[in-house]
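The structure appears below as structure tokens.
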Amino acid sequence: MPHAIVHLLRHGEVHNPDAVLYGRLPEFHLSELGRQMAETLAEYFHDRAAQGVNIVHLAASPLTRAQETAQPITEALNLDITTEERIIEAENYFEGLHVTKAELLKPKHWPKLRNPLRPSWGEPYKQQAARVIAAVQDARLRAIELGGADAEAILVSHQLPIWATRLSAEGKPLWHDPRKRECTLTSVTSLVFDDAGSLVRVDYGEPAAALLPGASSTPGA
């Protein structure tokens, strides 16, 4: 039996009419659809708790969209939100721009595109994975402290840090095609640990899958 589970949740759809890469910019709120996604996610975890799952800890990135996604969960589970800086969105040179092929072809950007394996345009994938994994381990220990064996924690974060963490946890290369990330809006990437604190497996689910058709595909980073 697993000793603890830490769920990495991606936030809901963001109101972003200009389709910019919003990254760590402030005041990017959930859209109406994003709020519906957050409510659906809260219902999903409320149902799990009603079935006897012991969810005892909730944390979110400091960015507005993550905090707003976490808010319905606080009400569904009667948990306070802890702000966790280590699960914030990745730094990105192109933050605030509408990133198109034409934009990327501008010579001023070329130095930032020289090494896609790192990547050279933002925070290294290894650094993202390392900080999120550290937060996950602390959340695992906090869950055990609060709820004992088989307790669960929830961390509301962002697509790229979650995906880098999953790739790292599964022992896969961190370089990837952003179009092929399995981390949709309000998806749940669950890290399952045994009683020795070793990772047993990674599970993935999309509780709000019915709301995804037509949702914005603009990434945060």
Side-chain angles (χ1 to χ4, degrees), residues 7-45 58-77 79 81-104 119 121-123 125 128-129 131-132 135 154-166 176-190 204-221:
H7 303 285
L8 291 172
L9 274 55
R10 187 184 174 195
H11 60 80
E13 184 191 57
V14 174
H15 179 65
N16 183 18
D18 296 325
V20 303
L21 191 148
Y22 38 78
R24 295 183 177 181
L25 294 174
E27 299 305 316
F28 272 84
H29 297 268
L30 294 183
S31 65
E32 179 58 36
L33 179 59
R35 288 191 288 271
Q36 293 178 37
M37 290 177 171
E39 292 288 350
T40 299
L41 205 59
E43 292 172 7
Y44 167 77
F45 282 107
L58 172 64
S61 155
L63 295 177
T64 303
R65 58 192 185 270
Q67 294 281 324
E68 290 180 348
T69 301
Q71 188 57 48
I73 300 174
T74 70
E75 299 162 7
L77 300 180
L79 294 174
I81 303 172
T82 299
T83 297
E84 174 55 81
E85 297 282 348
R86 292 173 293 181
I87 59 175
I88 196 170
E89 179 64 278
E91 294 178 338
N92 195 300
Y93 163 80
F94 294 102
E95 181 179 282
L97 297 178
H98 179 52
V99 182
T100 62
K101 184 176 181 180
E103 182 67 38
L104 294 176
W121 56 80
E123 182 182 11
Y125 296 131
Q128 294 178 51
R131 61 177 168 82
V132 176
I154 298 170
L155 303 181
V156 185
S157 185
H158 308 269
Q159 187 190 62
L160 180 51
I162 292 173
W163 186 241
T165 299
R166 177 175 172 180
H176 62 278
D177 182 342
R179 297 168 297 181
K180 296 181 179 180
R181 296 173 187 160
E182 188 180 36
C183 188
T184 62
L185 294 164
T186 51
S187 60
V188 182
T189 300
S190 303
Y204 177 78
E206 297 177 353
L211 298 175
L212 291 174
S216 170
S217 60
T218 303

Inter-residue atom distance I88.CD1 - Q128.CD, 0.5 Å rounding: 11.5 Å

Stepwise side-chain contact (heavy atoms from CB on, under 4.5 Å) check, L185 with R10: CA-CA 6 Å; L185 294 164; R10 187 184 174 195; 3.6 Å; yes

Inter-residue atom distance L30.CG - T69.OG1, 0.5 Å rounding: 4.0 Å

Salt-bridge criterion met for E32 and R35 (N-O under 4.0 Å): yes

Side chains of T83 and Q67, donor plus acceptor under 3.5 Å: yes

Donor-acceptor pair, side chain of E84 and main chain of A59, under 3.5 angstrom: no

Pairwise distance CD1(I87) to OG(S61) - rounded to 0.5 angstrom: 6.0 Å

Value rounded to 0.5 Å, distance of CE in M37 from OG in S187: 10.0 Å

Approximate separation, where rounding is to 0.5 Å, of E206 CD and T189 OG1: 9.0 Å

Reported CD1-to-CG distance for the pair I73 and L9, which is rounded to 0.5 angstrom: 5.0 Å

Pair E13, S31: side-chain N/O donor-acceptor within cut-off below 3.5 Å: yes

Side-chain (D177) to main-chain (R179) donor-acceptor, under 3.5 angstrom: yes

4.5 Å side-chain heavy-atom contact, V14 and S216: no

Minimum heavy-atom distance between L63 and L25, given as atom pair plus value: CD2-O, 4.5 Å

Min side-chain heavy-atom separation L97-L21 under 4.5 Å: no

Exercise: identify the closest heavy-atom pair between L79 and T74: O-CB, 3.0 Å

Distance-only side-chain donor-acceptor flag, E103 / H98, under 3.5 Å: no

Considering all heavy atoms, the nearest P62-E85 contact: CG-OE1, 3.4 Å

Check: R86 main-chain N/O paired with R131 side-chain donor or acceptor under 3.5 Å: yes

Working for side-chain contact (heavy atoms from CB on, under 4.5 Å), residues T186 and E39: CA-CA 10 Å; T186 51; E39 292 288 350; over 6 Å; no

Over 12 non-hydrogen atoms of neighbours within 6.0 angstrom of NE2 in H15: no

Aromatic ring pairing H176/W163, orientation class (parallel under 30°, perpendicular over 60°, tilted between): perpendicular

Audit row: E68, T64, side-chain contact (heavy atoms from CB on, under 4.5 Å) steps and yes/no: CA-CA 6 Å; E68 290 180 348; T64 303; 3.4 Å; yes

L77 to F45 - nearest heavy-atom pair and separation: CD2-O, 3.7 Å

Candidate pair R181 and R166, rule side-chain contact (heavy atoms from CB on, under 4.5 Å), full reasoning: CA-CA 10 Å; R181 296 173 187 160; R166 177 175 172 180; over 6 Å; no

Minimum heavy-atom distance Y22-H11, with the two atoms named: OH-CE1, 3.8 Å

Exercise: identify the closest heavy-atom pair between A70 and V156: CB-CG2, 3.9 Å

